[in-house]
Amino acid sequence: MLAKKHILLIIGGGIAAFKSLDLIRRLRESGASVTPVLTRAGEEFVTPLSVSALAGKRVFRDLFDLTDEAEMGHIELSRSADLIVVAPATADLMAKMAQGHADDLASTLLLATDTPVMAAPAMNVRMWDHPATQRNMATLKGDGIRLVGPNEGDMACGEHGPGRMAEPLEIVAAVQEALVDGPLTGKRILVTSGPTHEPIDPVRYIANRSSGSQGTAIASALRDLGAEVVFVTGPADVAPPEGVETMRIETAQQMLEAVQTALPVDAAIFAAAVADWRVAGASNSKMKKTKGGLPKLEFEENPDILATVSQMDEGRPSLVVGFAAETDDVVDNATSKRKRKGCDWIVANDVSHATGIMGGKENDITLITGSGTEDWPRMSKDDVARRLADRIAKSLT
Ligand code: CTP
């Protein structure tokens, strides 16, 4: 899938560098050629010999190596690839990238390049959580650098949390997504998906039957057409697609915050089944049975995320697509929902229990746009997703 693609792989100095050896192998298995660059600190973790043996190429190490400069200057090296991948991107390397340092070969290449860059951060959880690293990450994102990972889990240092480098196959999927040329290449699209959980107390919550499968299928279909997808998901049954930026949330309020962080985007698809209400003053301690009878729950309204984004005065995505989960008068209700919320399209579906749509594999939808309604035949959620992604591509290009 990466045939004829050329990756410049910068290996930073972290324990995760050992995974970069496997990454080289996986990238080559996908058909890519890999030119490795090893930082001084990287050499403490993996040897130049093993890196070059796996890459089948010499490894570049030194900014002031006259042999390198005679063969290929660092400027040319920085621009000769289809994509530069920094893995592991250590806290130090990310800081250098964010600040624009150029004091060694890796940072100089990253500053001199006009090639897209992807970074796979890897560091101790406290270093990742540190405001300085979070600032640097935001700067890098703003500079258009794609990030893959980090993942959460046990770390080599014995701690647990976010900071583990993404697995080699996840990085390969992200590389494929970045390099795939499709009608949505260069477009950034937000997809919300799954249910939300609204807490009653620390152990109980209010949820709904959404499995997240339609939203996940849409995110995958948009990715396959080349879009850079930001996927904001509640606690769904299905795993998020690979090769997309995933933001996991639980409540509607958290979903709104995540959506606002993800903006600006070219299009936003709101497939999530967001709870309309949350429990007012959810208890911080577990509610106990008391003799005084059943507890009374008070509710307050959640923010309407779709309406908030549809009605933005500045920075509104050019295309906003909502879903309408209805059980009665599907098209009428969905048509007025489109007007009320201010979105461009509504994907209406009948979620009555008998249809088996909520949580099922198929969907039966009516697409309502400014120019009318279209009934689509019942089909798999994957097919709905592909057809919708094609329509989105036509509307954005
Ligand atoms: N939606 C949202 N935020 C909410 C509620 C809904 O973003 N707080 C979005 C959903 O993601 C979906 C659309 O609005 O795209 C419609 O959701 P639906 O549940 O059908 O509509 P409601 O706004 O809840 O209206 P009602 O319950 O009156 O049918």
Side-chain angles (χ1 to χ4, degrees), residues 189-199 205-219 222 229-236 238 240 247-263 265 267-280 299-312 316-317 319-353 355 357-359 363-370 373 381 384-385 388-389 391-392:
I189 304 188
L190 166 80
V191 179
T192 70
S193 182
T196 61
H197 284 181
E198 306 296 331
Y205 56 82
I206 296 175
N208 61 64
R209 293 185 195 281
S210 167
S211 62
S213 44
Q214 186 63 84
T216 302
I218 292 169
L222 292 166
V229 177
V230 190
F231 186 65
V232 179
T233 179
V238 295
M247 300 169 89
R248 291 172 205 266
I249 54 82
E250 289 213 346
T251 67
Q253 284 175 303
Q254 291 165 354
M255 184 172 270
L256 175 63
E257 278 167 31
V259 163
Q260 282 167 335
T261 314
L263 296 175
V265 294
I269 323 302
F270 293 90
V274 185
D276 290 323
W277 311 282
R278 64 177 175 275
V279 176
F299 289 95
E300 55 192 345
E301 205 172 329
N302 269 330
D304 190 316
I305 307 163
L306 170 62
T308 307
V309 173
S310 297
Q311 292 163 27
M312 282 169 63
R316 181 190 188 276
L319 179 67
V320 180
V321 182
F323 273 66
E326 306 289 344
T327 52
D328 308 285
D329 303 325
V330 177
V331 173
D332 282 354
N333 277 334
T335 306
S336 46
K337 202 171 270 184
R338 187 180 88 85
K339 293 221 177 77
R340 197 170 65 244
K341 299 211 184 198
C343 56
D344 303 299
W345 302 351
I346 279 262
V347 180
N349 53 11
D350 185 346
V351 291
S352 316
H353 198 61
T355 62
I357 284 174
M358 202 94 173
N363 211 346
D364 193 352
I365 68 129
T366 305
L367 180 66
I368 302 170
T369 69
T373 63
K381 288 186 176 173
V384 168
L388 190 64
R391 288 293 295 263
I392 292 167

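Just so you know, ligand 1 is whichever comes first in the structure, and atom 1 is the first atom listed for that ligand.
Ligand 1 has an N or O atom lying under 3.5 Å from an N or O atom of D276, backbone or side chain. Annotation: V274 places no N or O atom under 3.5 Å from an N or O atom of ligand 1; distance criterion only. For a threshold of 3.5 Å applied to N or O pairs, the pair formed by A324 and ligand 1 contains no separation below that value. For ligand 1, one of its N or O atoms has an N or O atom of A272 under 3.5 Å away. Between P303 and ligand 1, a contact under 3.5 Å exists for at least one N or O pair. Polar contact check, T192 against ligand 1: no nitrogen or oxygen pair lies under 3.5 Å apart. Between K337 and ligand 1, at least one pair of N/O atoms sits closer than 3.5 Å.
For R248, the CZ atom is loosely surrounded, since the number of other residues' heavy atoms within 6.0 Å does not exceed 12. No more than 12 heavy atoms of other residues, nucleotides or ligands sit less than 6.0 Å from atom CD of E301. R340 CZ: more than 12 foreign heavy atoms inside a 6.0 Å radius.
Nearest approach of A272 to M255, heavy atoms of both residues: CB-CE, 3.6 Å. Closest heavy-atom contact between P317 and V309: CD-CG1, 3.7 Å.
Side-chain contact between V279 and F299 is present, with at least one heavy-atom pair separated by less than 4.5 Å. The shortest distance between side-chain heavy atoms of V229 and I218 does not fall below 4.5 Å. By the 4.5 Å heavy-atom criterion applied to side chains, L319 and I392 are counted as neighbours.
Distance from atom 9 (C) of ligand 1 to its nearest protein heavy atom, with residue and atom name: L306 CB, 3.7 Å. Among all protein heavy atoms, the one lying closest to atom 28 (O) of ligand 1 is R340 NH2, 4.3 Å. At the shortest separation from atom 14 (O) of ligand 1 among protein heavy atoms lies K341 NZ, 2.9 Å. For atom 13 (C) of ligand 1, the closest non-hydrogen atom of the protein is F323 O, 2.9 Å. Nearest protein heavy-atom contact of atom 3 (N) of ligand 1 is I305 N, 3.0 Å.
For ligand 1, the atoms sitting less than 4.0 Å from at least one non-hydrogen atom of G322 are 15 (O), numbered in the order shown with element in parentheses. The ligand atoms of ligand 1 that sit less than 4.0 angstrom from a heavy atom of F270 are 11 (O), 12 (C), 15 (O).
Of the options D350, T355, N349, a side chain to side chain donor-acceptor pair (under 3.5 Å) to S352 is made by D350 and by none of the others.
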